[in-house]
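Here is the naming used below: chain letters follow the sequence lines, and residue numbers restart at 1 for every chain.
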Amino acid sequence: MSSEDGTRGGGAAGDGEPEQLALVREAVRKAKVPRAKPRTWRGAALAKELPVARVLVDKGVLHLDRYFDYAVPEELDAVAQPGVRVRVRFGAGGRNVREGRREGGSLIDGFLVERVAESDYSGPLAALAQVVSPEPVLGPELLGLARAVADRYAGSLADVLQLAVPPRHGRAEAAQTGEPAPPPVAPEPRSWLRYGRGEEFLRALAAGGTPRAVWTALPGPEWAEEIARAVQATLASGRGAIVVVPAGRPAARVDEALGQLLGEGRHALLTADAGQEKRYREWLAVRRGAVRAVVGTRAAMFAPVRDLGLVVVWDDGDASHSDDNAPFPHVREVLELRASRDKCGFLLGGWTCTVEAAQLVESGWAAPIVAGREQVRAAAPLVRTVGDADLARDEAARAARLPSLAWQVARDGLRDGPVLVQVPRRGYVPRMACARCREPARCRHCAGPLEARDGTGALRCGWCGREEGGWHCPECGGHRLRAQVVGARRTAEELGRAFPAVPVRTSGREQVLDTVPGTPALVVSTPGAEPVAEGGYAAALLLDGWAMLGRPDLRAGEDALRRWIGAAALVRSQGAGGTVVVVAEPTLRPVQALVRWDPVGHAVRELAERAELGFPPVSRMAAVSGPAEAVVDFLAAVELPPDAEVLGPVPVAGPTVPGSGAGPAAGGGRTRRPAAPVTAEQWERALIRVPPGSGAALAGALKRAQAARMARGVPEGARVRIRMDPSDIG
DNA sequence: AGCACGCCGACT
DNA sequence: GTCGGCGTGCTC
């Protein structure tokens, strides 16, 4: 309308006195004087009822992590319902007070969160530019969950929603969704009877209860069906269920088990590798209530299942359960939040047991579901170890890199089935370490890792490419090297030569085999890529165990055990001749836990140790990293809870550690960039530790400080990244 | 990130 | 006086 309309909210100050205008505006805002009627820039006709839309603008930056009010034009009244996607003008361009007729900034996406009668914003409201579609994709439960996740991880709501709501696809949205199927009958507990409280758990679900359990699954392939039965029990109570697994292959197993138990079309498979259209179609079928059971990888943790009765996470120690986009939520934690918020059942299952899972049991939040020792003995293979002392006695081992015991077990196993060989890393190039003290061999120019290219024995730096002639160990003066980790292909070649009559298959990152037949074959695999063998493997060799355990990581032991058990669980039971050989010191805790097949005992002991040392998850931690000065600045500005303890900062490798999933932890726009450029600056990281119970306060403090910094517009090179519960803390 | 507003120095 | 540099702060 007239220029007056767009001039300002207060209406009292004169145009010629901008300072006063600003003061008046400020005063009005502080007094929180609600405007009787919202005005728009152009004075367009507004919706008669609830003419104000509260909108979450889709920008991840923390200082915009709040709602903005927009006017609802009359013509959008019907479709502008809570939960729909909208487009709005957003940006400073709209505040041209003198001219008062300019449109706002650029069009950006957002979610309409709520319709209200009045705005407490004192200026004139811009109108919603567009309702993208009438589909209410962001319901109150999902919004509440996303908010809780954002708070927990000191991230922004928009960042979480990016993970939680899949991109829209018009054709998928237009398609009709089928009718919901009636609830199935409750399942027979069947193999759940092998566990102490398994039957009880299923009955509780079927009766509409909300049991919470940490379930240590017996080795073998039954776990997928067992999960499917828990889902069936939940559906029988008239509620829905979500199952989150770490990767596509386990998703396919649960998918198949659900299909067999429920029939087709009763559940949705939500995985990242499906196309956008399919993904959105399945997601919509869930949101619309046509499908009540979901299995998928980590994004499925946000699936908008109606009337949720059960959430399941399988193998929570797998790193894939940690999202690699800000704010890096972890499936286990998100499902815990969901179980608490939605008052639904919770099942954390795996062949092994993380420290976090043990803590859920110890705190009483979840009950343990474990099998008795006799059941374990009946299901698990025999585990034998090859330690350093054995290797020292074993001349043949050093030459062939295959200890005599491993050789014998492989040979015997190959008589009646496939033999799995687990090698810790893919690729052909082995990294080198001092044969005496095991110090990694590093380039003397750039400290990069020395590698043995081609079999010629020549050493070359993996970073700068310089050849290394006369290497000697800077630690102990030794001059002999050993291969620290030998890749799958090379091992496959060696084994192929050792057993010329047997086919050798490899499964690794480049090519993952799903299953192998039950006939004699050597199956060389990296951890997590092990194919399932028909009838189980006759034997498994777990090589280079010391390399797995040698990582300077809080989880090194737990990870090694998890990977070993992940392979050993595919081996036939001891009664059926199944044998596992692990090349690692038998005195080490994870090795003993493998031999005794006691992952829970291992986790409980680790938990006690972490409690004693004040390590996570018993205390909560956050990592703040960035250029040295930025970290110091941030630490000076943040108002930490009184019980917080700052460790460091200490220098760390820069922001582009390959494969670490490092990204901007908080802040940044909508575009996901692949990797930050390598900076020449010295990067540092501080850890902040708080005792149990202060995690939320810590996250809140970090978020406030980060928001304040980002609002000031600190330059790109002076930003810090915040990560709650960092996993890579030595 | 982008843009306007405001304060301060140089110039018609 | 007025133009335009950049430093701050806001985005309904």
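Between A:Ala718 and A:Ala630, the shortest heavy-atom contact is O-CB, 3.1 Å.
Look at OH on A:Tyr121: it is 10 Å from P on C:dC10, rounded to the nearest Å. B:dA1 atom P lies 6 Å from atom CZ of A:Arg719, rounded to whole Å. Following rounding to the nearest Å, A:Asp69 (CG) and C:dC12 (P) show an atom-to-atom distance of 11 Å. For the pair A:Lys59 NZ and B:dG2 C1', the computed distance is 8 Å after rounding to whole Å. When rounded to the nearest whole Å, the span between CD1 of A:Ile108 and P of C:dC10 equals 18 Å. Between A:Phe90 atom CZ and B:dA4 atom C1' there is a gap of 15 Å when expressed in whole angstrom units. When the C1' atom of C:dC10 is taken as reference, atom CZ of A:Arg89 falls 18 Å away, rounded to whole Å. Here C:dC12 presents its P atom at 15 Å from CZ of A:Arg87, a figure rounded to the nearest Å.
The list of salt bridge (charged side-chain N to carboxylate O under 4.0 Å, His left out) pairs with a residue in residues 138-147 of chain A, not counting sequence neighbours, reads A:Asp65-A:Arg147, A:Arg147-A:Asp151. Counting only residues at least two apart or in different chains, salt bridge (charged side-chain N to carboxylate O under 4.0 Å, His left out) contacts with residues 273-283 of chain A comprise A:Arg171-A:Glu277.
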**Study point:** Pair A:Arg341-A:Leu145, side chain to side chain contact (heavy atoms under 4.5 Å, CB included): steps then yes or no
**Key:** CA-CA 8 Å; A:Arg341 295 178 51 84; A:Leu145 174 67; 4.2 Å; yes
